[in-house]
Number of protein chains: 2
Amino acid sequence: MAKSATTTAAGPRAPLTRERVIAAAMSAADEKGEAGATMRAIAASLGVEAMSLYNHVRGREDLLTGMVDAVFGEIDLPTAGAEWHPAMRERATSARAALRRHPWAVGLMDSRSEPGPATLRHHDAVLGALRAGGFSVAMATHAFSLLDSYIYGFVLQEQSLPFGDADELRVTATEIVNAMPADTYPHLAEVATAHVTRGGYDYGSEFEFGLDVILDALRPDEV
Amino acid sequence: MAKSATTTAAGPRAPLTRERVIAAAMSAADEKGEAGATMRAIAASLGVEAMSLYNHVRGREDLLTGMVDAVFGEIDLPTAGAEWHPAMRERATSARAALRRHPWAVGLMDSRSEPGPATLRHHDAVLGALRAGGFSVAMATHAFSLLDSYIYGFVLQEQSLPFGDADELRVTATEIVNAMPADTYPHLAEVATAHVTRGGYDYGSEFEFGLDVILDALRPDEV
DNA sequence: AACGGTAGGCTTACGCTGTAAGTGCGTCAA
DNA sequence: TTGACGCACTTACAGCGTAAGCCTACCGTT
């Protein structure tokens, strides 16, 4: 079908690369969910057959690992000379944004144990910012673990909420208040009622709250 | 094959139920990973054909949702009259233990938006403990979100580490120090070196550190 | 004692998945 | 001009979730 154009001129098809394959897989997963990003679907979006992908990727698992690494590549690195406190704040916000752009990423992380180059670079930069801020090696590890746990966990919760924005929350909360037998889950009902009456609540603002609690509790150790 | 025994006596096969199906699926996933827990494999472990499961479960998605809910059912509820601080501490430990027993659970959570009854009961009890401890509705929500984010995120990280215990960490750290081009990831190298020389570090203790930071930063608001 | 309904197994079949294996073309080096 | 090689292609297969329909053992009624 595309045979006629294949002459001496520059090929009618951009060459496949590992990066292009991973990028196509990410788009497919963003649009149709992780399960929708099949080898055939990814290949089709590149105008190619499924098996051609295997020239650039070891298999599906390798592809998923590459996708996760690419997400880390999208997170802003802490600026070189900046103060650690605002730098960590910005990084956390950027990380959350990247993980929300690619909702499949968090769910993939727990099954991947070999970090890619972008992941390593990112981790190294964060540790560096903390060390430069006066954190000891041990304390930097503590802080890093705590901050990242919070970020990943928050996004995980955020994605499993049955509502997306403030309006949907209001609708959902109303349904809950009406549907619930009133005293089976009294405290959930209390929270739901508060949101129905108050409204305008965005779960996203919870992220700021927790992040500030953690950042204010952390500080470099002077030894 | 099992035909002969089918007489008037009590049936040779325990009746299938949703609970038995979910329990079998959990065992299968614990042993062979989420991907290994196929409908056919689960059915086989119950001495039944795959399609029989559909009499008790709407489909694979429904089954996975039930499994996640069952994991929440394994988490200890905060004791009724206890102080909120130790109660939250115990719940966090119990939650981490349950999520570690079933490594597939965290990865499943982000794709499931309808909480099951055990999940609701659990959430209600935690909110109740905080409210009883003097937290306002808003503050209880903050605290809950922060604590759960930390727990989920920590387990997520824990599971994607390329080592399991202190010994494996030492081996891995040694490999990293030896294999790394020394100055591509200087701060990672620094941390790895510290672990090689010091040793005996268990990542699990990081959990305690972060948990205490958060618990100490939280307190009920007196309004 | 005989009967009809129903619950809950079973079998079959379909489209889709990841991927092993082998084929053939386009390009570049000598 | 020729040889080799990279890379996309085709074919094929086992295993997946599940729709549809069948079959039998049980139970309440008559």
Side-chain angles (χ1 to χ4, degrees), chain A residues 1-26 28-29 31-67 104 107-108 111-112, chain B residues 1-26 28-29 31-67 104 107-108 111-112:
Chain A
M1 193 174 280
K3 188 182 299 178
S4 56
T6 316
T7 56
T8 57
R13 155 147 67 197
L16 232 47
T17 63
R18 174 171 234 263
E19 284 64 39
R20 291 222 310 139
V21 170
I22 289 175
M26 291 175 72
E31 286 163 29
K32 300 180 293 184
E34 190 219 321
T38 68
M39 299 301 272
R40 285 175 233 258
I42 295 162
S45 81
L46 289 163
V48 133
E49 297 299 316
M51 289 309 289
S52 302
L53 303 179
Y54 287 80
N55 288 315
H56 306 276
V57 136
R58 244 185 317 273
R60 172 153 238 260
E61 278 303 296
D62 182 41
L63 177 55
L64 295 177
T65 301
M67 291 164 69
W104 38 266
L108 247 39
S111 50
R112 241 126 286 283
Chain B
M1 193 175 281
K3 186 182 300 178
S4 57
T6 316
T7 56
T8 56
R13 156 151 59 202
L16 233 47
T17 62
R18 174 169 235 262
E19 284 64 38
R20 291 220 315 137
V21 170
I22 289 175
M26 291 174 73
E31 286 163 28
K32 302 180 293 184
E34 189 219 320
T38 67
M39 299 301 272
R40 285 174 234 256
I42 295 161
S45 81
L46 290 164
V48 133
E49 296 300 316
M51 289 310 290
S52 301
L53 304 179
Y54 287 80
N55 288 315
H56 305 275
V57 135
R58 245 187 316 275
R60 174 154 237 263
E61 279 303 298
D62 182 40
L63 177 55
L64 295 177
T65 302
M67 291 165 69
W104 38 266
L108 248 40
S111 50
R112 240 126 288 284

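So that the names make sense, note that chain A is the first sequence line, chain B the second, and so on, each numbered from 1. Because only heavy atoms are used, hydrogens play no part in the values below, and waters and symmetry mates are left out as well, while side chains stay in. In this text, all values refer to a predicted model and were calculated from it rather than measured experimentally.
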Quiz item: What pair of heavy atoms forms the shortest contact from A:Ala41 to A:Gly36, and how long is it?
Solution: CB-O, 3.7 Å
Exercise. Output all residues satisfying salt bridge (Lys or Arg N to Asp or Glu O under 4.0 Å) with B:Glu61, sequence neighbours left out; order by chain, then residue number.
Key: B:Arg112
Self-check item: Heavy-atom pair with the smallest gap, counting every atom of A:Tyr54 and A:Gly59
Solution: CE2-CA, 3.8 Å
Quiz item: Given atom CG of B:Leu16 and atom C1' of C:dC10, what is their separation to the nearest angstrom?
Solution: 13 Å
Self-check item: Inter-end axis angle, the helix from C:dA1-D:dT30 to C:dA30-D:dT1, with every axis fitted to five base pairs (rounded, 10 degrees)
Solution: 0°
Quiz item: How would you list all residue pairs meeting salt bridge (Lys or Arg N to Asp or Glu O under 4.0 Å) that involve residues 31-52 of chain A, not counting sequence neighbours?
Solution: A:Glu34-A:Arg60
Self-check item: Spacing of B:Asn55 atom CG relative to C:dG8 atom C1', expressed in whole Å
Solution: 5 Å
Exercise. Go through the structure and list residues passing side-chain contact (heavy atoms from CB on, under 4.5 Å) with A:Ala25, not counting sequence neighbours.
Key: A:Ile42, A:Leu63, A:Met67
Self-check item: Qualifying residues under side-chain contact (heavy atoms from CB on, under 4.5 Å), relative to A:Thr17, sequence neighbours excluded
Solution: A:Glu19, A:Arg20
Quiz item: Expressed in angstrom and rounded to an integer, what is the separation of B:Ile42 atom CD1 from D:dC16 atom P?
Solution: 11 Å
Quiz item: Where along nucleotides 11-21 of chain C does protein come under 4.0 Å, by heavy atom, of base (B) or sugar-phosphate alone (S), with - for untouched nucleotides?
Solution: BB----BBBBB
Self-check item: Any B:His56 side-chain N or O less than 4.0 Å from OP1/OP2 of C:dG9
Solution: yes
Quiz item: Who pairs with B:Arg18 by salt bridge (Lys or Arg N to Asp or Glu O under 4.0 Å), at least two apart in sequence or on another chain?
Solution: B:Asp62
Exercise. Could you tell me whether the side chain of A:Asn55 reaches within less than 4.5 Å of the side chain of A:Leu16, counting heavy atoms only?
Key: no
